[in-house]
Amino acid sequence: MEKSTRVNHPPAVDLAPDNRPLIAPIYQSVKFTFDDSVQTERHLRGVREGFFYSRTANPTLRQLELLLAELQGREDCLLTGSGVAAVAATLLALCKAGDHVLLFAESYGPTRYLVQNLLARYGVEHTMLSIDDPAGIARVLEERPTRLVVFESPTNPVTKIADIERITASARRSGALTVLDNTFAGFHNHGGYPLDVYVHSLTKYASGHGDVMGGAIIAEKRLIAAMRKDVTTLGPTLDPHAAFLIQRGMRTYFLRQERQCANALRIAGFLAAHPQVRRVHYPGLESHPGHELARRQMSDFGAVVSFDLLGGIAEGDRFADALQYFSISASIGSTESLVMPPRLLGGYEVTGALRAATLINPGTVRLSIGIEDVTDLIADLEQALRAAFAV
Ligand SMILES: Cc1ncc(COP(=O)(O)O)c(C=O)c1O
């Protein structure tokens, strides 16, 4: 063999069946091969399982898909390259022209954009309500044949709690499918409700370390099978190396959740007692309007704490700029704490009667709580609140 051939056919290193790596290797291979074309064709016809091309299936991704499906309490999962890709692919795979989608003013901005702009261009209609309006939800679903109800709980950024039992009951009666973006609550929550599809941004608590993006669509096998061809042909594939990093992040998922939620509860209590804070949005507080619902629906209250400063944009800027341990940053779910001051919080594109339902005002701040020592975080918040009102 000439050397130029050799470098393209390097020596194989095969492990004996009784000598396995403890951590599964990264299958950083786009292509997989069978020994002959007959077996390849059998695979392509769906007669034989296996892997052929990584846009449609890859063993590293499959391991993560099986893990996430099991954690969420469903049969199957499709991974995507980001959380919004999971939302977009779900919407595109489940809707056709003439369908009607019910969505909410409190939903994540890009999800609203996808329904109101992208799906609208393809002839999908929608109604937008507040997640606080279960009677309105029931009425719309009774009056109008609806394909999807797309919602979140807790909502971003003010942590409203959706009444999942009421929403799923109304949807089931009318034949609509429910899609819950479960990113804020996590895989360990909401699995017991009869929801049809869960979507997650893996960029947040799954990866946990702010160094990789990913998304997941989780549902029963039948529904995932119906979506698979559309989703894989749209092509939002997750890279195997990213899947490996997310899988590694998942090893500490429960430890991080436990610490982050405990820190969040302590911080919410501190803020609620602070004279410069008008209102705290955290479902773990008894004063939160969704507290009882959250207790019923969730095993914890999440790690996002929002609050309204007594001041406005200027105080919010001074507060965020003075913080030492909270970085001004998008996203949530990292091990380090993050802050979004009022100047940077979205939601302003919701206009008209539903604007008030977002509860976002010029003093609203969002905190994503990390795993640092909570006494350091509280001391940092205390000095930053002093700095915000020092002039
Ligand atoms: C609730 C929710 N869903 C989806 C996404 C999108 O995830 P990604 O940034 O991984 O695309 C986000 C991101 O902030 C989010 O907060």
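Quick note: residue numbers are just sequence positions, from 1. Atoms within a ligand are numbered from 1 in the order they appear, just like the ligands themselves.
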(message) Is it the case that ligand 1 has an N or O less than 3.5 angstrom from some N or O of S331?
(response) no

(request) Distance to 0.1 Å, residue and atom name: give those for the protein heavy atom nearest to atom 9 (O) of ligand 1. (result) K204 NZ, 3.4 Å

(request) Below 4.0 angstrom from a heavy atom of S82, which ligand 1 atoms are there? Numbered from 1 as shown, please. (result) 10 (O), 11 (O)

(request) Could you tell me whether a side-chain N or O of S130 sits under 3.5 Å from a main-chain N or O of D132, the two making a donor and an acceptor? (result) yes

(message) Using a 4.0 Å cutoff against the non-hydrogen atoms of F184, which atoms of ligand 1 qualify?
(response) 16 (O)

(message) To check your reading of the model: name the closest protein heavy atom to atom 10 (O) of ligand 1, its residue, and the distance in Å.
(response) T203 OG1, 2.5 Å

(request) Please report the shortest heavy-atom distance between Y198 and Y193, naming the atom on each side. (result) OH-O, 3.5 Å

(request) Tell me, please: is H200 in heavy-atom contact with ligand 1, that is, under 4.0 Å? (result) no

(message) For atom 6 (C) of ligand 1, what's the nearest protein heavy-atom neighbour? Residue, atom name and distance, please.
(response) Y108 CE2, 3.5 Å

(message) Using every non-hydrogen atom in the two residues, find where E152 and A162 come nearest and quote the distance to one decimal.
(response) O-CB, 3.8 Å

(message) Out of the candidates F34, F32, F51, only one should pair with H43 under the ring pair (Phe, Tyr, Trp, His ring centres under 6.0 Å) rule; please name it.
(response) F34

(request) Taking only heavy atoms of D181 into account, list the atoms of ligand 1 that are under 4.0 Å away from them. (result) 1 (C), 2 (C), 3 (N), 4 (C)

(request) For ligand 1, find out whether one of its N or O atoms is nearer than 3.5 Å to an N or O atom of E152. (result) no

(message) Below the 3.5 angstrom mark, is there an N/O of G83, backbone or side chain, next to an N/O of ligand 1?
(response) yes

(request) Pull out every atom of ligand 1 sitting under 4.0 Å from any heavy atom of N156, numbered as shown with elements. (result) 16 (O)

(request) Mark yes or no for whether Y282, through its side chain, and G302, through its backbone, hold a donor-acceptor pair below 3.5 Å. (result) yes

(message) Closer than 4.0 Å to some heavy atom of V84 - which atoms of ligand 1 meet that?
(response) 6 (C), 7 (O), 8 (P), 11 (O)

(request) Take R42 and D36, measure what salt bridge (charged side-chain N to carboxylate O under 4.0 Å, His left out) needs, and give me the verdict at the end. (result) CA-CA 10 Å; R42 289 185 71 225; D36 59 59; over 6 Å; no

(request) Look up atom OG in S54 and atom CG in D239, then write down how far apart they are to the nearest 0.5 Å. (result) 9.0 Å

(request) Look at the side-chain heavy atoms of Ile, Leu, Val, Met, Phe, Trp and Tyr, link any pair under 4.5 Å apart, and say whether L92 and I218 land in one connected group. (result) no

